[in-house]
*Asks:* 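Mind having a look at this structure? Questions to follow.
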Protein chains: 2
Amino acid sequence: MGTSKKEVFSNSQNRLADIGKAFAHPARIAILEFLAKQNACVCGDIVEELPLSQATVSQHLAELKRIGLIKGEIEGPKVCYCINKKAWQEAKQILAQFLNDAKSCC
Amino acid sequence: MGTSKKEVFSNSQNRLADIGKAFAHPARIAILEFLAKQNACVCGDIVEELPLSQATVSQHLAELKRIGLIKGEIEGPKVCYCINKKAWQEAKQILAQFLNDAKSCC
DNA sequence: AACTTCTATCGTATTATTACGATAGAAGAA
DNA sequence: TTCTTCTATCGTAATAATACGATAGAAGTT
């Protein structure tokens, strides 16, 4: 009790839920928006964009990396982040399919 | 500390995060999938579809109602649920815009 | 080597979420 | 009225998520 019973749901349901979780916090939305509008990797200045501490931003970045939507590459003393295009397309496809399956009702 | 600092983010960022939260649990995905594939309102049999208790399912339904993605109408002793088409379209539009704004990178 | 810069992680406190049994209330059936 | 059915809510327990200061480690600079 208290634990999410994800083992009783299908892989695709859990994958979609994970994508949803990536979007389920305004800070992660802000991070993704910032990365998405760039045309290149962003090195470092993400923390300055957000009204959150460096530790908190790092946690959100780690969660987005776990889900796969962003990539981080070490570049000297900094780390460069960018959208993972492949996972982004996959998320777009999964969400579009899910959202388009709703039939009319009521 | 511990509280989500949603007040420092924009309304649209928080709205998108709320939509993400609706999708952020496999049980809610399962509920939405079940409702979405129907061509009519579903009265009652949602609990039997899910390996969760009636109380837990009711909580998930309440959360989906709060976010606006589903509607519930009292029909005799039962309650009929269905996708809220308007909010569903809104969610689709918001997500599509967000997902399509990613520029190429790396 | 010593210093600076950048980021991940640890430790920790607080709030949120998830889950379920039990109960209450609403509405039709007997 | 009494019974049954259905659903929301209460109470509660446990886990997850959020946030941040402090610290550690990696890498370049002086």
Side-chain angles (χ1 to χ4, degrees), chain A residues 1-9 13-14 17-32 34-35 41-67 69-82, chain B residues 1-9 13-14 17-32 34-35 41-67 69-82:
Chain A
M1 308 124 181
T3 322
S4 194
K5 295 176 70 174
K6 62 181 181 183
E7 69 279 359
V8 301
F9 297 99
Q13 285 169 334
N14 278 302
D18 242 11
I19 293 168
K21 202 153 83 176
F23 298 161
H25 194 288
R28 288 195 289 273
I29 295 292
I31 290 171
L32 290 172
F34 183 64
L35 292 179
C41 289
V42 174
C43 295
D45 37 355
I46 298 178
V47 174
E48 288 145 42
E49 285 288 314
L50 297 177
L52 297 172
S53 77
Q54 183 268 322
T56 302
V57 172
S58 190
Q59 273 189 337
H60 284 302
L61 288 168
E63 178 69 358
L64 290 172
K65 255 191 295 186
R66 180 188 69 77
I67 295 166
L69 289 179
I70 67 173
K71 289 188 291 188
E73 271 177 40
I74 297 167
E75 190 126 330
K78 302 189 180 183
V79 177
C80 289
Y81 289 101
C82 62
Chain B
M1 309 124 179
T3 323
S4 195
K5 296 177 70 174
K6 63 181 181 182
E7 69 280 358
V8 301
F9 297 99
Q13 285 169 335
N14 278 303
D18 241 10
I19 293 168
K21 203 153 83 175
F23 297 162
H25 194 288
R28 289 195 290 271
I29 295 292
I31 290 171
L32 290 172
F34 183 64
L35 292 179
C41 289
V42 174
C43 296
D45 36 356
I46 298 178
V47 174
E48 288 145 43
E49 285 289 313
L50 297 177
L52 297 172
S53 76
Q54 183 268 323
T56 302
V57 172
S58 190
Q59 272 189 337
H60 284 302
L61 288 168
E63 178 68 0
L64 290 171
K65 254 192 295 186
R66 181 189 69 77
I67 295 167
L69 289 179
I70 67 173
K71 291 188 291 187
E73 271 177 40
I74 297 168
E75 190 126 329
K78 302 188 179 185
V79 177
C80 289
Y81 288 102
C82 63

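Every chain is numbered from 1, with letters handed out A, B, ... down the list of sequences. Keep in mind it's a predicted model, so treat the numbers as computed, not measured. Reckoned from all heavy atoms, side chains included, excluding hydrogens, waters and symmetry mates.
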*Asks:* To the nearest 0.5 Å, what is the distance between CD (B/E48) and CD (B/Q54)?
*Replies:* 11.0 Å
*Asks:* Testing the basics here: between A/G20 and B/A24, what is the closest heavy-atom pair and its distance to 0.1 Å?
*Replies:* C-CB, 3.9 Å
*Asks:* Drop me the distance from A/E73's CD to A/C82's SG, to the nearest 0.5 angstrom.
*Replies:* 6.5 Å
*Asks:* Under 4.0 Å between a side-chain N/O of A/K78 and OP1 or OP2 of D/dA26, yes or no?
*Replies:* no
*Asks:* Within this structure, what is the OH-NZ distance for the pair A/Y81 and A/K65, rounded to the nearest 0.5 Å?
*Replies:* 4.0 Å
*Asks:* Kindly give the heavy-atom pair with the smallest separation between A/F23 and A/I29, and that separation in Å.
*Replies:* O-CD1, 3.4 Å
*Asks:* Check this for me: does any side-chain nitrogen of one of B/K78 and B/E75 sit under 4.0 Å from a carboxylate oxygen of the other?
*Replies:* no
*Asks:* On DNA chain D, compare the nucleotides closest to B/C80 and A/T3; which residue's is nearer the 5' end?
*Replies:* B/C80
*Asks:* Return the value, rounded to whole Å, for the distance between atom NZ of B/K5 and atom C1' of D/dA17.
*Replies:* 15 Å
*Asks:* Nearest whole Å is fine: how far is D/dA16 P from A/R66 CZ?
*Replies:* 12 Å
*Asks:* With sequence neighbours excluded, tell me which residues meet side chain to side chain contact (heavy atoms under 4.5 Å, CB included) with B/V42.
*Replies:* B/F34, B/L35, B/Q38, B/D45, B/I46
*Asks:* Out of curiosity, B/F9 CZ to A/L50 CG, how far, rounded to the nearest 0.5 Å?
*Replies:* 5.5 Å
*Asks:* Nucleotide range of DNA chain C contacted by chain A, 5' to 3', under 4.0 Å to a heavy atom?
*Replies:* C/dC6 to C/dC20
*Asks:* Check whether any side-chain N or O of B/D18 sits under 3.5 Å from a backbone N or O of B/I67 as a donor-acceptor pair, and report yes or no.
*Replies:* no
*Asks:* Is there a donor-acceptor contact under 3.5 Å from the side chain of A/N14 to the main chain of A/K6?
*Replies:* yes
*Asks:* Would you work out how much the helix from C/dA1-D/dT30 to C/dA30-D/dT1 bends between its ends, with each end axis defined by five base pairs, to 10 degrees?
*Replies:* 10°
*Asks:* Please report the distance, rounded to the nearest Å, between CD1 in A/I67 and C1' in D/dA16.
*Replies:* 13 Å
*Asks:* Test: side-chain hydrogen bond (donor to acceptor under 3.5 Å, both in side chains). Region: residues 21-32 of chain B. Which pairs qualify, not counting sequence neighbours?
*Replies:* A/S4-B/H25, B/R28-B/H60
*Asks:* Which parts of residues 18-25 of chain A get close to DNA chain D, meaning a heavy atom less than 4.0 angstrom away?
*Replies:* A/K21, A/H25
*Asks:* Got a sec? Which of residues 45-59 of chain A come in under 4.0 Å of DNA chain C, heavy atoms?
*Replies:* A/Q54, A/A55, A/S58
*Asks:* Given B/K5 and A/L52, is the side chain to side chain contact (heavy atoms under 4.5 Å, CB included) satisfied, shown in steps?
*Replies:* CA-CA 9 Å; B/K5 296 177 70 174; A/L52 297 172; 3.7 Å; yes
*Asks:* Would you mind classifying the nucleic acid contact of B/K6 as base, sugar-phosphate or nothing, using non-hydrogen atoms under 4.0 angstrom?
*Replies:* nothing
*Asks:* Roughly how far, to the nearest 0.5 Å, is the CG atom of A/L64 from the CG atom of A/L69?
*Replies:* 6.5 Å
*Asks:* Mapping A/L61 and B/G76 onto DNA chain C by nearest heavy atom, which one lands closer to the 5' end?
*Replies:* A/L61
